[in-house]
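One structure is given below, encoded as structure tokens.
Worth knowing before you read on, the calculation uses all heavy atoms, side chains too, and leaves out hydrogens, waters and symmetry mates. Both ligands and their constituent atoms are indexed starting at 1 by order of listing.
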Amino acid sequence: MQIPQDLIETAALKLKSIQSEAEFFQLRAQFLGKKSFIASSFSKLRDLKSEEKVIAAKELNILKDDLTKLFETALAEMENKSNLVKLDVTLPADPYNLGSEHPITKISKKIIKYFAPLNYQIFSGNEIETDFYNFEALNFPENHPARQMHDTFYLNSKSSSDYLLRTHTSNTQIHAMLSEDLPLYMLSPGRVFRCDSDTTHLPMFTQIEGLVVDEGVTFGDLKGILIDFLEDFFNEKMDVRFRPSYFPFTEPSAEVDIKFGNKGWLEILGCGMVHPNVLKGCNIDTKKFRGFAFGMGIERLAMLYYGVTDIREFYSSNLDFLNQFPS
Ligand code: DAH
């Protein structure tokens, strides 16, 4: 075992330059503490052959005694000197911060909590996706103008075989319909990406997708569940408006607005009956089964729920902002 001969000298030299008691204790830990050279050498003794072990143990013990004496003397000297900053062990320790769930996670969980007892399964989707799942299978044919509204981040050149960052969680509808047995009740929260940024838009945001495929499902069921969900979410009776809209993957389609305080009508989600082309593309018998779907922006709901006016706050890593959402 190699034992450095200058350990004592190095320690003595370092001791000369310390300015405070705290530095002294740090230095002592460095030379004699659990992670010191001495401590780790003692634990390596067991790997040595017995004669070697005896010699090394002797040397190490001498070194340890010398170092201990050096530090004891230095401590005694230091206690006599008044110009060193004294360590006041009675001072309270630095406060530590407890982390808590991010407000977006809290809102996702709150939404899931409503749907889970209704037997909606949670699906995690792919963030990196192909054109097929993000657009084509959702009835956005190539060159369809609705694709332009999505401000897609393409990962390679723009061609249908390439990968992209999904622009919505609706891609999980296709994965779920292709892989699961019917009837299907699913919910899929996750991050989505669009090339967009201002006080109400972010290049990355969070959506939650809902999909039901079952026999005899109607638009009335969709309306019922969404109104009930919104009233449960905001914990009050709500004015809810279903406004006719257009999404390629639903027919009929609607956007849902709620009347919120003195802000008037606010758009909160998109929904509709799953387009027969989408069902057929997933090999679903449209004579037997029908579906409804809905998708909402979680940041949007969180902004209304918590009264946040700038969406960028959620991702600013500003502790003053985040501390408002304790566990
Ligand atoms: N994917 C749509 C969007 O991001 C939102 C949406 C609308 C989802 C209607 C749906 C739906 O499931 O039925 O703009």
Side-chain angles (χ1 to χ4, degrees), residues 104 108 111-112 115 120-123 125-127 129 131-140 144-153 164-178 180 184-196 200-214 217-227 229-230 240-258 266-279 281-282 284 289-301 311:
I104 296 303
S108 300
I111 300 170
I112 290 170
F115 286 97
Y120 283 64
Q121 305 174 51
I122 308 300
F123 270 73
N126 304 342
E127 291 177 353
E129 193 50 287
D131 183 278
F132 176 77
Y133 289 98
N134 196 80
F135 291 126
E136 204 181 314
L138 286 162
N139 200 29
F140 287 78
H144 192 286
R147 286 186 180 220
Q148 277 159 20
M149 284 154 53
H150 278 235
D151 301 313
T152 313
F153 285 112
L164 48 82
L165 295 180
R166 68 167 172 193
T167 57
H168 52 179
T169 45
S170 303
N171 66 332
T172 53
Q173 291 192 25
I174 305 301
H175 288 283
M177 284 190 277
L178 287 175
E180 299 302 305
L184 172 67
Y185 288 73
M186 77 117 199
L187 204 61
S188 184
R191 296 190 294 182
V192 302
F193 306 85
R194 290 189 198 180
C195 194
D196 205 356
T200 53
H201 296 91
L202 287 173
M204 185 220 72
F205 57 104
T206 324
Q207 288 187 334
I208 193 157
E209 192 79 12
L211 171 71
V212 168
V213 183
D214 202 348
V217 169
T218 67
F219 199 92
D221 297 326
L222 171 65
K223 263 185 96 167
I225 193 129
L226 288 177
I227 293 172
F229 159 71
L230 288 169
V240 182
R241 177 169 84 177
F242 284 71
R243 185 168 33 79
S245 183
Y246 174 75
F247 300 102
F249 43 95
T250 43
E251 179 57 37
S253 305
E255 278 171 304
V256 177
D257 303 332
I258 53 174
L266 293 176
E267 181 201 320
I268 196 93
L269 59 90
C271 65
M273 300 303 290
V274 181
H275 197 293
N277 287 354
V278 176
L279 295 174
C282 295
I284 291 173
F289 289 101
R290 278 198 278 179
F292 67 70
F294 54 89
M296 46 199 153
I298 297 183
E299 284 80 3
R300 189 80 205 251
L301 281 169
I311 194 171

Open item on the list: If we check side-chain hydrogen bond (donor to acceptor under 3.5 Å, both in side chains) with E129, which of these qualifies: T167, N134, N171, T172?
Closed with: N171

Open item on the list: What I'd like to find out is whether the side chain of I111 reaches to under 4.5 Å of the side chain of P189, using heavy atoms alone.
Closed with: no

TODO: Give me the ring orientation class for H168 and F140: parallel if the planes are under 30° apart, tilted from 30 to 60°, perpendicular past 60°.
DONE: perpendicular

TODO: State whether D257 and R241 are salt-bridged, where the test is any N-O pair (Lys NZ or Arg NE/NH1/NH2 against Asp/Glu carboxylate O) under 4.0 Å.
DONE: yes

Open item on the list: So if I apply the side chain to side chain contact (heavy atoms under 4.5 Å, CB included) rule between Y120 and each of L211, V212, I112, which one comes out positive?
Closed with: V212

- [ ] Answer whether the closest heavy-atom distance between the side chains of V240 and L226 falls below 4.5 Å.
- [x] no

Open item on the list: What does the 4.0 Å heavy-atom contact list look like for ligand 1?
Closed with: H168, S170, Q173, R194, Q207, E209, F247, F249, T250, G270, C271, G272, A293, F294, G295

